[in-house]
Amino acid sequence: MSDPAAPSPDLFSWEFATDPYPAYAWLREHAPVRWTRLPSGVEAWLVTRYADARATLADPRLSKNPVHHAEPAHARGKTGIPGERGADLMTHLLNIDPPDHTRLRRLVSKAFTPRRVAEFAPRVQELADRLIDRFAATGSADLIHEFAFPLPIYAICDLLGVPAEDQDDFRDWAGMMIRHGGGPRGGVARAVKKIRAYLADLIHRKRLDLGDDLISGLIRASDHAEQLTENEVAAMCFVLLFAGFETTVNLIGNGTYALLTHPAERARLQDALRAGDDSLLVTGIEELLRYDGPVELATWRYATEPLTIGGRRVAVGDPVLVVLAAADRDPERFAAPDTLDLARRDNQHLGYGHGIHYCLGAPLARLEGRTALTSLLTRLPDLRLAADPAELRWRGGLIMRGLRTLPVRFAPLRD
């Protein structure tokens with residue numbers, strides 16, 4: 001075991017945000033489980049090797065509930081989703097353990113089935129085409145602001161049952177949530193409270209007039225006379241909005257950027273799509289999730305009893321963060337891990353987690369990612385970057401990894 005006290009690369013700087021993978025390679029080699037001070041001042045274990053990461057994600061001795069954090073309450077408030085604590089939105093799948101997690105996931109799954117996702121495919125395609133139509137004639141666009149951002153927010157709003165006239169408000173609030181440190185002071189908390197108030201009103205209205213949307217499904221969902229409380233419904237809608245929305249923004253943005261900076265792989269995919277073969281698209285989405293995925297670190301876990309991870313002793317109450325981005329580039333698990341190979345077959349990446357907390361919305365995210373990339377590559381076949389990659393900036397934040405902007409050019413489409 002390498003010396004865990006050896007000096008590590010500079011973590012969490014802007015330079016690190018642009019390309020964290022060399023630093024993660026250093027950590028995997030020299031300090032695969034390392035006690036680290038985060039930008040918030042909270043300290044936690046970072047787990048970077050694939051085998052350790054996979055085991056940690058499924059370890060029942062690691063709780064998702066912040067009540068198990070050994071630090072004082074003010075430190076606990078710096079973990080989790082920004083703003084959720086103040087808005088009373090903590091009771092969702094990312095923050096609870098069995099048996100409550102088992103109950104909620106079972107109830108939510110009834111309203112969030114693969115059939116519902118499959119039936120939603122034409123709507124996702126309609127949204128993608130509508131968004132491309134808005135900028136197709138101009139010959140240029142910021143694909144984050146004009147495409148990757150609005151596509152999943154409108155999709156999630158449709159699934160939840162947010163009326164069309166309210167969806168732009170949701171888009172504004174969601175935008176404030178993902179700016180993290182880039183927006184006005186207190187903007188995230190204000191946006192979350194607005195979302196909470198809106199959801200409370202919408203849930204009340206849905207109870208009086210149930211429809212075929214996800215909120216109505218959550219209200220209907222019951223098992224052995226158990227029903228979701230109104231607060232649980234609001235918290236679940238919030239986490240679906242936050243986790244399901246921002247991850248898909250980053251999947252589309254990071255995925256498109258990876259293809260634009262790997263022209264041979266991009267051409268390979270376009271050739272397959274022109275031939276009507278979507279098999280490379282299916283494996284390609286998984287490879288994009290592995291290569292530069294939307295979630296850099298898994299959400300917080302806390303030790304409920306002493307345990308050992310990668311030879312390091314973890315004390316009761318210690319926070320543990322699994323670095324998915326590091327694990328998915330581990331050469332002990334993936335051949336040529338720093339190479340983008342859209343046809344990669346042995347690809348059990350951890351991009352959507354592992355174990356009982358595996359992402360419930362993964363099928364929808366994959367659908368949106370496939371639809372978005374297919375639409376861009378087929379409708380704008382000469383799509384190219386309109387900026388030097390070194391000039392692009394990545395959003396700050398601990399959990400997610402995504403671009404602030406993605407400027408592109410292409411031949412204008414005419415009616």
Side-chain angles (χ1 to χ4, degrees), residues 64-67 73 76-77 79-96 100-101 103-112 116 120 149-150 152-180 183-223 225-249 299 360-361 364:
K64 298 288 289 175
N65 193 332
V67 73
R76 291 185 210 141
T79 65
I81 297 175
E84 66 179 359
R85 190 177 303 271
D88 193 26
L89 289 169
M90 294 289 292
T91 312
H92 56 68
L93 292 176
L94 297 184
N95 285 339
I96 57 174
D100 287 336
H101 177 271
R103 176 181 68 90
L104 281 183
R105 189 173 178 106
R106 183 172 62 242
L107 294 176
V108 172
S109 295
K110 292 181 179 181
F112 204 70
R116 180 181 288 272
F120 200 55
F149 179 87
I153 192 65
Y154 290 138
I156 287 288
C157 282
D158 280 354
L159 273 178
L160 291 176
V162 176
E165 61 269 21
D166 296 340
Q167 292 188 5
D168 284 337
D169 286 337
F170 255 77
R171 176 176 172 165
D172 291 343
W173 298 332
M176 293 187 72
M177 284 173 59
I178 71 168
R179 284 185 198 128
H180 302 299
R185 185 176 180 84
V188 172
R190 285 196 298 273
V192 171
K193 287 180 179 178
K194 287 180 179 179
I195 291 171
R196 178 66 179 92
Y198 179 86
L199 287 173
D201 179 67
L202 183 60
I203 291 165
H204 176 71
R205 285 184 279 146
K206 293 287 185 184
R207 286 192 184 279
L208 301 177
D209 184 19
L210 293 174
D212 191 36
D213 52 81
L214 186 54
I215 290 180
S216 296
L218 291 172
I219 293 171
R220 287 193 189 93
S222 62
D223 185 54
E226 290 181 305
Q227 290 193 332
L228 292 162
T229 67
E230 187 164 302
N231 198 56
E232 288 171 337
V233 173
M236 281 308 310
C237 292
F238 172 73
V239 79
L240 289 172
L241 173 68
F242 178 85
F245 152 67
E246 188 172 3
T247 55
T248 308
V249 174
T299 49
L360 191 65
L364 176 61

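Keep in mind it's a predicted model, so treat the numbers as computed, not measured.
Note: Asp212 CG to Leu159 CG = 10.5 Å, rounded to the nearest 0.5 Å. Between atom CD1 of residue Ile156 and atom CZ of residue Arg171 there is a gap of 15.0 Å, rounded to the nearest 0.5 Å. Considering CG of Leu160 and CZ of Phe170, their distance stands at 6.5 Å, rounded to 0.5 Å.
Across all their heavy atoms, Val249 and Phe149 have their closest contact at CG2-CA, 3.8 Å.
In the model, Tyr198 has a side-chain atom that pairs as donor or acceptor with a side-chain atom of Asp166 under 3.5 Å.
Using a cut-off of 4.0 Å between Lys/Arg side-chain N and Asp/Glu carboxylate O, Arg205 and Asp201 are scored as salt-bridged.
Of the possible donor and acceptor atoms, none in the side chain of Lys206 sits under 3.5 Å from a partner among the backbone N and O of Asp213. The closest donor-acceptor contact from the side chain of Ser216 to the backbone of Gly211 lies under 3.5 Å.
Side-chain contact between Pro163 and Leu202 is present, with heavy atoms from C-beta onward closer than 4.5 Å. Within the 4.5 Å cutoff, the side chain of Tyr154 has heavy atoms near those of the Asp168 side chain.
Shown here are the ring pair (Phe, Tyr, Trp, His ring centres under 6.0 Å) partners of Phe120, two or more places apart in sequence or in another chain: there are none.
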Next on the checklist: If you apply the rule side chain to side chain contact (heavy atoms under 4.5 Å, CB included), what do you find for Asp169 with Val162, and how did you get there?
Outcome noted: CA-CA 10 Å; Asp169 286 337; Val162 176; over 6 Å; no
